[in-house]
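Some notes on the structure that comes next.
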Amino acid sequence: MRVRSLPLPERFVDHFADRGIRELYPPQVAAVEAGVCDGANVVAAVPTASGKTFIAQSALLTADGPGLYVCPLRALAREKYESFAALPGVDVAISTGDFEASGEELAGHDVVVATSEKVDSAIRNGAEWVDDLACVVVDEVHLLGAERRGPTLEVTLATLRRRSPSIQVVALSATVDNPAEIADWLDATLVESEWRPVDLRTGVCVGREVTFDDGRTRRVSVGDSETGSGTTSEDATEEGPDATEITAALVVDAVAEGGQCLAFVRSRAEAAGLAERLAEDRLAERMGIEPAAAAVGDEVADIDGTVTGQELADRLRAGVAFHHAGLRAGHRAAVETAFREREIACICATPTLAAGVNVPARRVVVRDQKRYTGSSMEWLPTLEVHQMCGRAGRPGLDPHGEAVLVGEDSTREELVERYVEGNPEAVESKLADPASLRTHVLSAVATGFAETEAEILDVLDGTFYARETGAGGLADAVAVAVDDLVDAGMVRRRGDAESYRIVATAVGETTSKQYVRPETGSRIVDGLRTAAGMERATTLTVFEVICDTPDMQDTYLGNRERAEMYRFARKNAARLTTGMGEADDFEGWLESVKTARILAEWIGGATVEELVEAYRIGPGDLDSRVERAEWLLSAAEALADTIGVSVPAVTRARSRI
DNA sequence: ATTGAAGAGTAAATGTTTCGTAAAA
DNA sequence: CATTTACTCTTCAAT
């Protein structure tokens, strides 16, 4: 099927032709046959890089009115925004938490790109443009099964469909076990395909030997860079080379053939460690990219003076990089584009990269397949490993992609069973989680969509959860949620016990509009009241309050720091809203104190470099804490306003941050 | 012979991925 | 669970 045969205006056909897109891929044909261009609901469960963006564009460009593109990551939103903006004569806007340029008027655009939370928040704040939508595309819809964010996605989608019953829904999903259930929920036609533009071979490496799923094998030479006389390593160990050495060998092997590599490991420290090890292998030299790599290194070195940043710059000069959430956005973007431009040979990453922006490589090596969960090691979900492996193979550049799982004799079978031949998990709704339910029940009440428990259930009736288990399954849980919200002072029952209406209190309304969770709203209100009665409520006091909420990411408190942090809390007891014995989760509270302390020092003029050294956090961690603090402080200000309490330190903290 | 440094080997302690959200004459 | 740290014990060289 040809692009020209689609019901698209000439200028789009030309635009795609300029990019070499004239013929449709098989999954795209299937989507068109299912009716994406005719306003039909479609769920496409297809591998990454098999042309999902084109399916989305066909739907939005043929829809009879404005469209919305919902995706889970800011970086992804920006990527999609750019690909829509490149289309001739399409007026596109972007709306994410960090992007100010969107302006107040989101109405009147052909396409709006936004994160799911942003859409949810827009609905809560009474945005009217959502009612005019003709089409909504949901990217990575399998995130429905995610702990916190899944419920937001399903409730948002249910609300959109409730408000515009004729809206076209197109959902794009990774390959999962139950795509038919998702399609059934959305009254959509399912398009399922394993087709990829580049062949993917998946293999397991034990010792020096890789065995691929198509029966091929390949031997890699381990450790040839350090041992001059072949026999030295033989007698030293009977077990053979360790996983890191094998991983390094697999990387070198791929690079020797001119292919780039992605290596996935468990933790940040190990990503940096593997990069350090690989720097010995002179990869930049082997690929002939030394000048470009050096230039990227210099560029990154200028971002900041943190140890992490300088270490990354050094690795880049050697043609390798590490990548994890402790890096700042600028670091990450530099690494990603350098890799895409073939200016570096390898990225050693934590699982961040698996679900992020488009970074394909010839070979993907998954060194670690287990994750530490606090008490034990657990196998990574098949879906996650498949997403890592799916990054292998660049269309048009690589003859085929290779994904290699590093294992041992004892794990070989399990790896094959679980990841090579195994199916990914089914997507299951997490809406029944009490905390999520409280949030969305409050939202339904505060926006005025529901005034009784029956109406709340009606709103939730359109969710994936309801389709799976029946809305009746939620009745008890909703009743509990309402009781909890009444106790927390977020909603009130008005009228007699027989026929009452549920309405949001002023605090509940502000909480919902500020997009903080009910628990956060209550904690801030309590905190503000105690702070108002304190002799010396300082900015540290305010930081302690906002950091002691579930909306602030907590900061890891090492065993070593604990004693010192305890002393700090004791010394500053007069400026904290929680007494030393009062916290019901003392450990958790002490972590909040650490975050608060970092923020206090930050507005006191401490530099990123100092804070990163002193508190053993990555520069990216600091950035994200500061950003959250800005948001939570503004929520605190709004809440102080609604309860009529004045805490000058809030405004002071907010202006200084 | 004593001291100190360096290294090897072992037992105990320690470490943990990620992402999004507000809004004003 | 795997890696790092803390500690013990050994070896060897220099005084």
Side-chain angles (χ1 to χ4, degrees), chain A residues 70-77 95-100 102-104 114-127 140 143 146-153 156 242-244 264-271 273-274 323-327 329 332 349-356 367-381 384 387-388 408 411 439 443 510-517 520-521 524 546 549-562 591 616-618 620-621 624 627-639 641 654:
Chain A
V70 181
C71 64
L73 264 45
R74 290 172 176 181
L76 238 36
S95 177
T96 63
D98 62 337
F99 220 89
E100 334 234 324
S102 67
E104 53 289 341
T115 52
S116 30
E117 285 77 9
K118 194 68 187 193
V119 178
D120 186 20
S121 148
I123 292 172
R124 290 193 202 179
N125 284 285
E140 314 282 348
L143 253 71
E147 204 78 28
R148 285 223 178 87
R149 307 186 62 198
T152 305
L153 183 56
T156 303
D242 65 11
T244 299
F264 287 102
V265 296
R266 182 180 26 223
S267 71
R268 296 176 178 189
E270 282 163 307
L274 180 59
H323 188 288
H324 54 65
L327 298 182
R332 283 196 250 178
T350 57
T352 349
L353 208 55
R367 195 196 71 182
D368 301 328
Q369 302 90 20
K370 287 187 169 180
R371 177 159 36 219
Y372 181 76
T373 60
S375 51
S376 64
M377 295 301 268
E378 277 170 19
W379 289 103
L380 292 178
E384 210 171 314
Q387 287 201 304
M388 295 177 192
E408 288 168 17
T411 56
T439 303
S443 163
T510 309
T511 300
S512 175
K513 284 196 166 162
Q514 294 290 312
Y515 209 74
V516 296
R517 311 170 68 141
T520 299
I524 292 179
I546 63 162
T549 64
D551 278 312
M552 176 58 86
Q553 199 172 32
D554 35 38
T555 309
Y556 186 79
L557 184 61
N559 265 351
R560 212 157 266 115
E561 294 166 286
R562 182 161 292 121
E591 286 180 6
R616 308 159 125 248
I617 54 172
D621 298 318
S624 76
E627 196 189 335
R628 276 173 189 231
E630 284 175 38
W631 160 47
L632 289 170
L633 283 174
S634 81
E637 208 166 49
L639 282 165
D641 218 40
R654 201 182 157 198

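In the text below, chain A, chain B and the rest are named by the order of the sequence lines, each starting its count at 1.
Nearest to the side chain of A:Ser267, among B:dT21, B:dC19, B:dT17, sits B:dT17. For A:Arg371, the listed nucleotide lying nearest its side chain is B:dT17; candidates were B:dT17, C:dC1, B:dC19. Distances were taken from every side-chain heavy atom of A:Arg268 (C-beta onward) to each of B:dT18, C:dA2, B:dT21; the shortest belongs to B:dT18. In the set B:dT18, B:dT21, B:dC19, B:dT18 carries the atom at the smallest distance from any side-chain atom of A:His324. Of the candidate nucleotides B:dC19, B:dT21, B:dA23, B:dA23 has the atom lying nearest to any side-chain atom of A:Lys513. The side chain of A:Gln514 has B:dA23 as its nearest neighbour among C:dT3, B:dA23, B:dT17. Distances from the side chain of A:Ala325 to the nucleotides B:dC19, B:dA22, B:dT17 place B:dC19 closest. Of the candidate nucleotides B:dC19, B:dT21, C:dC1, B:dT21 has the atom nearest to the side chain of A:Lys118.
A:Tyr515 and A:Asn125 are not linked by any side-chain donor-acceptor pair at a separation below 3.5 angstrom, with hydrogens and angles left out of the test. No donor-acceptor contact under 3.5 angstrom links the side chains of A:Arg74 and A:Thr115, judged on distance only.
Within the 4.0 Å cut-off from OP1 or OP2 of B:dT18, at least one side-chain nitrogen or oxygen of A:Thr350 is found. The phosphate of B:dC19 (OP1 or OP2) has no side-chain N or O of A:Thr352 nearer than 4.0 angstrom. Using a 4.0 Å cut-off, some side-chain N or O of A:Arg74 falls inside it from OP1 or OP2 of B:dT21.
Rounding to whole angstrom units, CD of residue A:Glu270 and P of C:dA2 are separated by 10 Å. Between A:Leu327 atom CG and B:dC19 atom P the separation is 11 Å, expressed in whole Å. Atom CZ in A:Arg562 sits roughly 14 Å away from atom P in B:dA13 (whole-Å rounding). Atom-to-atom, CD of A:Glu147 to P of B:dT18 comes out at 17 Å; the value is rounded to the nearest Å. The CZ atom of A:Arg367 sits 13 Å away from the P atom of B:dT17 (whole-angstrom rounding). Note: OH (A:Tyr372) to P (B:dG15) measures 9 Å, nearest angstrom. If you take CG of A:Asp554 and P of B:dG15, they are 15 Å apart, rounded to a whole angstrom. The nearest whole Å value for the distance from the CG atom in A:Leu632 to the P atom in B:dA23 is 13 Å.
Between the CZ atom of A:Arg268 and the CG atom of A:Leu327 there is a distance of 8.0 Å, given to the nearest 0.5 Å.
Residue A:Asn125 is in sugar-phosphate contact alone, with no base atom involved, counting any heavy-atom pair closer than 4.0 Å across all strands shown. At a threshold of 4.0 angstrom between heavy atoms, the contacts of A:Arg148 include nucleobase atoms, whether or not backbone atoms are also involved. Within the nucleic acid shown, A:Arg654 comes within 4.0 Å of at least one base atom, counting heavy atoms only. Looking at heavy-atom distances under 4.0 Å, A:Ser634 makes contact with a base.
A:Arg124 contributes a side-chain N or O that, together with a main-chain N or O of A:Ser512, makes up a donor-acceptor pair within less than 3.5 Å. Judged by distance alone, the side chain of A:Trp631 and the main-chain N or O of A:Gln514 form a donor-acceptor pair under 3.5 Å. A:Glu561 places a side-chain N or O within donor-acceptor distance of the main-chain N or O of A:Gly558, the cut-off being under 3.5 Å.
Comparing A:Glu627 and A:Thr373 along DNA chain B, the residue whose closest nucleotide (by nearest heavy atom) sits nearer the 5' end is A:Thr373. Of the two residues near DNA chain B, A:Glu630 and A:His323, the one whose nearest nucleotide lies more 5' is A:His323.
Electrostatic pairing of A:Arg149 and A:Glu140 does not count as a salt bridge here, judged by no charged N lying under 4.0 Å from a carboxylate O.
Within 6.0 Å of CD on A:Glu408 lie no more than 12 heavy atoms contributed by other residues, nucleotides or ligands. Other residues, nucleotides and ligands place no more than 12 heavy atoms under 6.0 Å from the CZ atom of A:Arg616.
Annotation: B:dC19 and C:dA2 have their C1' atoms spaced 27 Å apart (nearest Å).
Stem regions for DNA chain B, each three or more consecutive Watson-Crick or G-U pairs with both distances under 3.5 Å and listed by first number, read B:1-15 with C:1-15.
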